[in-house]
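Here is the structure we will look at, set down as structure tokens.
All values below were derived from every heavy atom in this structure, side-chain atoms included, with hydrogens, water molecules and symmetry-related copies excluded.
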Amino acid sequence: MNSETVLLIRNVKPKHYGGGELYQIVLAEELKKHGFWPVVVTASKELLAAAKRKKIEAVESLYLESQIWSGWRNFLLPVYIFKLKKLGRWYKELFEKYQPSTINVQSRDDYIIATLVAKKMGVRVLWTDHAEFQSWIFQNMNVWYKNWIGKMIVAASKKADKIIVISDFEKKQVSKMIAPRKMKNMTVINNGVIDRVNEYKKIKPKKNSFVFIGRLVRDKGVFELIEAFRKVVEKYPEARLNIYGEGEDAKLCREAAKGCSGIVFHGYTDEPLRVLAENDCFVLPSYHEGLSLSLLEAAMMEKTIIASNVEGNLAVIKDRKTGLLVPVEDSEKLAEKMLEVVEDRGFARELAKNAREYYEENFDFDKIFVEKMLPLYNKEKEEK
């Protein structure tokens with residue numbers, strides 16, 4: 001058995017908690033199972049609390065509040081570099097304390113400074129991208145006066161031993177965005193979730209119940225979901241929409257749902273699988289997605305799924321086979337699909353069964369970890 005320490009660095013805003021943060025818990029549990037000692041490094045209060053509940057060691061990290069990008073803010077780049085050096089000194093002390101064999105970096109500023117400090121100390125460096133490279137980190141890379149931080153990240157990528165991206169599409173998009181620069185050490189490893197469906201078999205879902213689990217922000221499509229559900233509840237007053245999560249637009253979402261008694265806001269949940277078990281249909285109408293862990297969990301839990309037809313969702317949902325796809329920002333089409341799963345329960349059950357089978361074939365994290373990820377953490381095994 002191993003006893004090597006692995007630092008999982010996901011340094012995001014203190015109030016942030018989403019799929020990328022949940023992934024740290026899943027990955028840490030898998031690492032522990034194979035004899036490693038994972039330590040989560042983050043500024044996210046919810047992630048720190050989740051790690052504590054799961055008895056995973058965690059360290060509250062420094063977080064750089066300044067998000068300097070382009071235009072006139074380029075003049076403030078020396079300030080950013082000064083703060084980055086301060087963060088680097090903090091990482092040096094952290095690495096000296098824990099003596100990690102590997103760090104897995106999964107956040108913007110840390111791609112630069114944690115990588116440089118780790119390589120100077122002879123530590124193995126992995127990067128994991130949760131579709132943030134294409135969605136915002138590498139935007140405007142080919143405009144010379146914009147996104148100098150993105151350019152610094154590409155330069156630092158040469159130091160990483162391996163860069164994990166979550167889909168072939170992500171790899172193609174990133175390569176296109178940074179061209180003519182290259183990141184030759186990219187490899188595609190799909191996200192996945194651990195199979196726990198048998199733990200929730202005894203829970204009976206409530207009839208005509210829909211659930212959303214995620215951050216309450218506009219680009220998750222929550223406002224369209226609320227509008228669509230109003231049409232559902234007009235025809236089926238007993239229907240329910242259970243919304244789990246918090247976020248910057250939480251107050252606006254609650255205001256948008258006023259007057260519709262079938263919508264219930266539950267706040268953050270640390271039991272997403274139980275929540276999925278209690279509902280008939282999972283809905284994810286996001287404007288963009290990487291490879292959503294909530295979506296994978298819904299497939300694993302054999303749920304009927306309705307999702308927006310954005311690239312990340314297409315990796316899991318094959319329209320009318322493993323779920324139903326709807327256009328982005330289209331509450332009318334979303335309402336139509338929600339009504340369809342209410343009115344054709346046989347078809348809904350068929351979709352759910354197919355989603356479960358597709359999960360078993362492609363997204364079982366135990367299998368993914370052993371076959372594709374374990375060699376990256378076990379340097380000796382990879383070199384053989």
Side-chain angles (χ1 to χ4, degrees), residues 1-11 19-42 44 47-59 61 94-95 97-107 110 114-115 118-119 121-130 160-167 185-199 270 272-273 290-294 296-297 299-301 359-384:
M1 293 289 283
N2 255 298
S3 59
E4 296 177 349
T5 298
V6 176
L7 301 186
L8 305 178
I9 300 173
R10 178 66 174 174
N11 200 4
E21 289 67 59
L22 176 61
Y23 178 82
Q24 310 313 309
I25 303 299
V26 176
L27 180 55
E29 290 182 324
E30 201 68 25
L31 285 164
K32 286 182 84 171
K33 188 187 300 184
H34 290 85
F36 293 88
W37 183 253
V39 179
V40 174
V41 181
T42 186
S44 167
L47 179 51
L48 289 167
K52 184 177 180 180
R53 287 192 296 270
K54 293 288 186 177
K55 298 182 179 179
I56 296 165
E57 187 170 355
V59 175
S61 59
L94 183 73
F95 297 164
K97 176 181 177 181
Y98 282 95
Q99 296 293 308
S101 60
T102 305
I103 65 168
N104 187 329
V105 189
Q106 304 171 58
S107 40
D110 314 278
T115 297
K119 295 312 291 185
M121 299 175 71
V123 177
R124 188 168 178 75
V125 176
L126 306 177
W127 288 10
T128 299
D129 165 41
H130 299 282
D161 293 278
K162 194 69 71 175
I163 298 170
I164 301 167
V165 294
I166 60 176
S167 68
N185 43 359
M186 276 195 291
T187 186
V188 176
I189 301 178
N190 286 336
N191 271 359
V193 293
I194 295 170
D195 192 353
R196 295 176 57 194
V197 70
N198 289 331
E199 298 175 31
D270 60 358
L273 300 186
L291 188 52
S292 165
L293 287 180
S294 293
L296 295 179
E297 287 176 334
M300 181 270 289
M301 292 292 289
Y359 156 78
E360 290 174 346
E361 293 170 5
N362 299 281
F363 300 107
D364 186 331
F365 193 65
D366 280 322
K367 181 179 177 182
I368 291 170
F369 185 87
V370 170
E371 293 180 357
K372 297 184 177 181
M373 298 184 73
L374 184 58
L376 301 183
Y377 290 94
N378 190 334
K379 186 175 181 181
E380 292 180 3
K381 183 174 181 179
E382 184 185 35
E383 289 175 345
K384 289 179 181 179

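- Applying the ring-ring contact (aromatic ring centres under 6.0 Å, His included) criterion to Phe365, with sequence neighbours excluded, gives no partner residue.
- Two residues are said to be in side-chain contact when any heavy atoms from C-beta on lie closer than 4.5 Å; Gln99 and Thr5 fail this criterion.
- The structure places NE2 of His130 at 9.0 Å from OG of Ser107, a figure rounded to the nearest 0.5 Å.
- The shortest distance between side-chain heavy atoms of Leu296 and Tyr359 does not fall below 4.5 Å.
- In terms of modelled atom types and a separation under 3.5 Å, the side chain of Gln24 and the main chain of Gly20 share a donor-acceptor contact.
- Here the CG-CG distance, from Leu291 to Asn190, works out to 6.0 Å after rounding to the nearest 0.5 Å.
- Looking only at distances, no side-chain donor or acceptor of Asp129 sits under 3.5 Å from a matching main-chain atom of Val165.
- Residues Tyr23 and Arg10 form no side-chain contact, since every pair of their non-hydrogen atoms from C-beta on lies 4.5 Å or further apart.
- By the 4.5 Å heavy-atom criterion applied to side chains, Leu126 and Val105 are not counted as neighbours.
- The side-chain hydrogen bond (donor to acceptor under 3.5 Å, both in side chains) check on Glu297 picks up nothing, with sequence neighbours excluded.
- The pair Lys33-Asp366 meets the salt-bridge criterion, with a side-chain N (NZ, NE, NH1 or NH2) lying under 4.0 Å from an Asp/Glu carboxylate O.
- Considering every non-hydrogen atom in both Leu374 and Phe36, the closest pair reads CD1-CE1, 3.7 Å.
- Annotation for Tyr377 and Val6: closest pair CE2-CG1, 3.6 Å, computed over non-hydrogen atoms.
- Across Gly192 and Ile368, no two heavy atoms sit closer than the pair CA-CD1, 4.1 Å.
- Considering every non-hydrogen atom in both Leu31 and Pro38, the closest pair reads CD1-CB, 4.1 Å.
- Taking the side-chain contact (heavy atoms from CB on, under 4.5 Å) definition, one finds that Glu57 meets it with Trp37, Val39, Tyr98, sequence neighbours left out.
- When only modelled atom types and interatomic distance are considered, Thr42 and Asn11 share no side-chain donor-acceptor pair under 3.5 Å.
- For the side-chain hydrogen bond (donor to acceptor under 3.5 Å, both in side chains) test, no residue two or more places apart in sequence or in another chain qualifies with Asn362.
- Note that CG of Leu7 is 11.5 Å distant from CG of Asp110, once rounded to the nearest 0.5 Å.
- Screening Asp161, Asn104, Thr102, Ile164 for a side-chain contact (heavy atoms from CB on, under 4.5 Å) with Leu376, the sole residue that qualifies is Ile164.
- Distance CD/Gln106 to CG/Leu27: 6.5 Å, rounded to 0.5 Å.
- Evaluation of the side-chain hydrogen bond (donor to acceptor under 3.5 Å, both in side chains) rule for Ser101 yields Glu4 as partners, not counting sequence neighbours.
- In terms of heavy-atom proximity, Ile9 sits nearest to Ala114 at CD1-CB, 4.1 Å.
- Atoms CD and CG, on Glu361 and Asp364 in that order, are 11.5 Å from each other to the nearest 0.5 Å.
- The main-chain N or O of Leu293 is never found under 3.5 Å from a side-chain atom of Asn191 such that the two would form a donor-acceptor pair.
- Between Val41 and Leu8, every side-chain heavy-atom pair lies at or beyond the 4.5 Å cut-off.
- The nearest pair of heavy atoms linking Lys54 to Glu29 is CD-OE2, 3.4 Å.
- Proximity of Met186 to Lys162: side-chain heavy atoms (C-beta onward) are nowhere separated by under 4.5 Å.
- In this structure, the side-chain contact (heavy atoms from CB on, under 4.5 Å) partners of Val123, at least two apart in sequence or on a different chain, are Pro100, Ile103, Ala118, Met121.
- The pair Glu199-Arg196 meets the salt-bridge criterion, since a charged nitrogen lies less than 4.0 angstrom from a carboxylate oxygen.
- A centroid separation of less than 6.0 Å is found between the aromatic rings of His34 and Phe369.
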